[in-house]
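Not measured: the values here are computed from a predicted model. Just the heavy atoms: all of them, side chains too, but no hydrogens, waters or symmetry mates, feed the values below.
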Amino acid sequence: MALGMAVVAMAKPSSFSISADRSSSLDFSSDCATSNARSMRNLVFVVNPRGANGRTGKEWKKLLPYLTTRLGNRCNICESITSGPSHAEDLTREAIRDGADAVIAVGGDGTLHEVVNGFFSERHPVELEHQSRHSTALGLIPLGTGSDFARTFGWKNDPYEAIERIVRGFRSRIDVGVITGTNGNQHFFINVADIHLSAKAGYFASKYKRFGNLCYVIGALRAFIGHNNQDLKIKFNGGEWEVFQKVTAICIGNAKFFGGGMKITPTADPSSGELEVVILQDFKCVKSIEVMEVTPTGLTYVQSDGEHFGFLPAKFFVLPAAIEFFS
């Protein structure tokens, strides 16, 4: 089996407007003696206490005193605890509309995925009420099972290092991928989206998170049972449909890693304005963005950032420099 790799540049939708400047910084250097509540930055930490079998919640409690020491005299620190699936999206939208200077995901790739989706509403970026020029940055304290997105930057699962990145305040704009399903609904991803065998493996892995990184091995074994390569129709950059036979999986990377450390899209760069597409096929190297089954079954899995999206057909594209990110 061979790996096919290709970089695909996608145009951003005309309704989405961004700044051309990809880097900036938040000034957290003001002295507490001269700061007041009105000038202090507002940071919202969205915490998934159940992440990594409850380890995230325990680690977060240990982190709070250190976080307060490092930022408490410069920023208003708001703790938002999730209560269930998709709650992080709602908390993020509320924080942005209330004027938060940054929303920081505390947890794994699943929490980060929900927070990223919270930056958008009805296909458009969420904006501060009555002040559309306000920009909210995205941050990450990786405390999850896989933390694959953090690996692209060479970061460890070290929450104290993550806090220091936030203290430094340096931000750069990163891209966000988009999946559009048959019903027209859009879903946003920041790491890797995938189709067929790898997506099916991810679906099953999510059922065994209680086993830590072993969940990815269990998911892969479950996915291989009864697996058949699938003939798929693929459209490149809005061109003509082409048929590719016996496709095992397709991975569409905004970043490099998935599945607990597998470097599946090795040259993907979330600040490139492009998505890297890798197709696992019978000894062929090809490209892909828009995908459907040749013979519709409705059973070819699609996922993004480790979260089950649904089934083919689906279309994937990129929003360049969509979010400011603490880097």
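Note on Leu319 and Ile323: same hydrophobic cluster, where clusters join Ile, Leu, Val, Met, Phe, Trp and Tyr whose side-chain heavy atoms are under 4.5 Å apart, directly or indirectly. In the hydrophobic cluster analysis, where Ile, Leu, Val, Met, Phe, Trp and Tyr join through side-chain heavy atoms closer than 4.5 angstrom, Phe244 is grouped together with Val277. Hydrophobic cluster membership is shared by Trp155 and Val116, with clusters built from Ile, Leu, Val, Met, Phe, Trp and Tyr side chains linked at under 4.5 angstrom. Ile279 is connected to Val318 through a chain of hydrophobic side-chain contacts under 4.5 Å among Ile, Leu, Val, Met, Phe, Trp and Tyr, so both are in one cluster. The same ILVMFWY cluster, assembled from side-chain heavy atoms under 4.5 Å apart, contains both Leu143 and Leu71.
Nearest heavy atom pair, residue Ala162 against residue Pro142, reads CB-CD, 3.9 Å. Across every non-hydrogen atom of Arg173 and Ser135, the tightest pair is NH2-OG, 4.0 Å. In this structure, Leu140 and Ala150 approach most closely via the heavy-atom pair CD2-CB, 4.3 Å. Contact detail for Ala314 and Ile179: the closest heavy-atom pair is CB-CG2, 4.0 Å. Looking at every heavy atom in both residues, Pro270 comes nearest to Phe153 through CG-CZ, 3.9 Å. Contact between Gly169 and Phe326 at its shortest, heavy atoms only, is CA-CE2, 3.8 Å.
Applying the salt bridge (charged side-chain N to carboxylate O under 4.0 Å, His left out) rule to Arg93 yields the partners Glu89, Asp90; only residues at least two apart in sequence or on another chain are considered. For Trp241, there are no ring-ring contact (aromatic ring centres under 6.0 Å, His included) partners two or more places apart in sequence or in a different chain. In terms of the side-chain hydrogen bond (donor to acceptor under 3.5 Å, both in side chains) criterion, residue partners of Thr297 (sequence neighbours excluded) are, by chain and number, Glu293. For Glu164, the salt bridge (charged side-chain N to carboxylate O under 4.0 Å, His left out) partners two or more places apart in sequence, or in a different chain, are Arg70.
For Phe309 and Phe316, the ring centers sit 6.0 Å or farther from each other.
Phe120 has its side chain out of reach of Ile96: every pair of non-hydrogen atoms, C-beta onward, lies at least 4.5 Å apart. A 4.5 Å side-chain heavy-atom check between Arg74 and Val167 finds at least one atom pair inside the cut-off. With a 4.5 Å cut-off on side-chain heavy atoms, Leu221 and Ile218 do not count as touching. Within the 4.5 Å cutoff, the side chain of Glu276 has heavy atoms near those of the Pro266 side chain. For the pair Val46/His87, no side-chain contact is recorded, criterion being any heavy-atom separation below 4.5 Å from C-beta on. The side-chain heavy atoms of Ile77 and Phe45, taken from C-beta on, include a pair separated by under 4.5 Å. Looking at heavy atoms from C-beta onward, Leu91 lies out of side-chain contact with Val44 at the 4.5 angstrom threshold. Leu63 places a side-chain heavy atom less than 4.5 Å from the side chain of Tyr160.
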_side-chain contact (heavy atoms from CB on, under 4.5 Å) evaluation trace for Lys209 with Phe211_ = CA-CA 5 Å; Lys209 286 291 182 73; Phe211 295 111; over 6 Å; no
*Between Glu79 and Trp60, does a side-chain contact (heavy atoms from CB on, under 4.5 Å) hold up when you go through it step by step?*
CA-CA 10 Å; Glu79 178 187 31; Trp60 171 247; 2.6 Å; yes
*Taking it one step at a time, do Asp305 and Leu112 satisfy side-chain contact (heavy atoms from CB on, under 4.5 Å)?*
CA-CA 9 Å; Asp305 297 345; Leu112 177 62; over 6 Å; no
*asked:* Apply side chain to side chain donor-acceptor pair (under 3.5 Å) to residues Thr92 and Glu114 and explain how you reach the verdict.
replied: CA-CA 9 Å; Thr92 300; Glu114 287 194 10; over 6 Å; no
*asked:* Quick one, Ile234 with Glu242, criterion side-chain contact (heavy atoms from CB on, under 4.5 Å). Give me CA distance, side-chain angles, the key distance, then yes/no.
replied: CA-CA 5 Å; Ile234 300 170; Glu242 299 181 40; 5.6 Å; no
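In this structure, the separation between NZ on Lys200 and OG1 on Thr300 is 9.5 Å, given to the nearest 0.5 Å. For the atom pair Ile163 CD1 and Thr69 OG1, the distance stands at 9.5 Å (nearest 0.5 Å). Going from atom CD1 of Ile104 over to atom CZ of Arg165 covers 11.5 Å, rounded to the nearest 0.5 Å. Atom CG of Leu280 sits about 15.5 Å away from atom NZ of Lys246, to the nearest 0.5 Å. Note that CG of Asp101 is 5.5 Å distant from CG of Asn42, once rounded to the nearest 0.5 Å. Rounded to the nearest 0.5 Å, atoms OG (Ser327) and CD1 (Ile166) are 11.5 Å apart.
For the side-chain contact (heavy atoms from CB on, under 4.5 Å) criterion with Val302, the lone passing option out of Val291, Leu312, Ile250 is Leu312.
For Ser121 (side chain) and Val126 (main-chain N/O), no donor-acceptor pair under 3.5 Å exists by modelled atom type. Here the side chain of Thr56 pairs no donor or acceptor atom with the backbone of Gly107 at under 3.5 angstrom. In this structure, Asp109 contributes its side chain and Phe149 its backbone to a donor-acceptor pair below 3.5 Å. Side-chain atoms of Ser147 never come within 3.5 Å of backbone atoms of Gly108 as a donor-acceptor pair (strictly under, hydrogens ignored). One N or O on the side chain of Asp175 and one on the backbone of Ser272 form a donor-acceptor pair closer than 3.5 Å. At distances below 3.5 Å, at least one donor-acceptor pair connects side-chain atoms of Thr265 with backbone N or O atoms of Ala255.
The aromatic rings of Phe224 and His227 stand perpendicular to each other, their planes meeting at an angle above 60°, with 30° marking the opposite boundary. Using cut-offs of 30° and 60° for the angle between ring planes, the Tyr301 and Phe204 rings count as tilted.
Within the structure, salt bridge (charged side-chain N to carboxylate O under 4.0 Å, His left out) contacts touching residues 144-160 (residues at least two apart or in different chains) are Asp148-Arg151.
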Considering only distance and modelled atom types, tabulate donor-acceptor pairs under 3.5 Å from the side chains of residues 184-195, sequence neighbours left out.
| residue | atom | partner | partner atom | Å |
| --- | --- | --- | --- | --- |
| His187 | NE2 | His113 | NE2 | 2.8 |
| Asn191 | ND2 | Phe257 | O | 2.8 |
| Asp194 | OD1 | Gln303 | NE2 | 3.1 |
| Asp194 | OD2 | Ser198 | OG | 2.9 |
| Asp194 | OD2 | Ala199 | N | 3.0 |
| Asp194 | OD2 | Gln303 | NE2 | 3.1 |

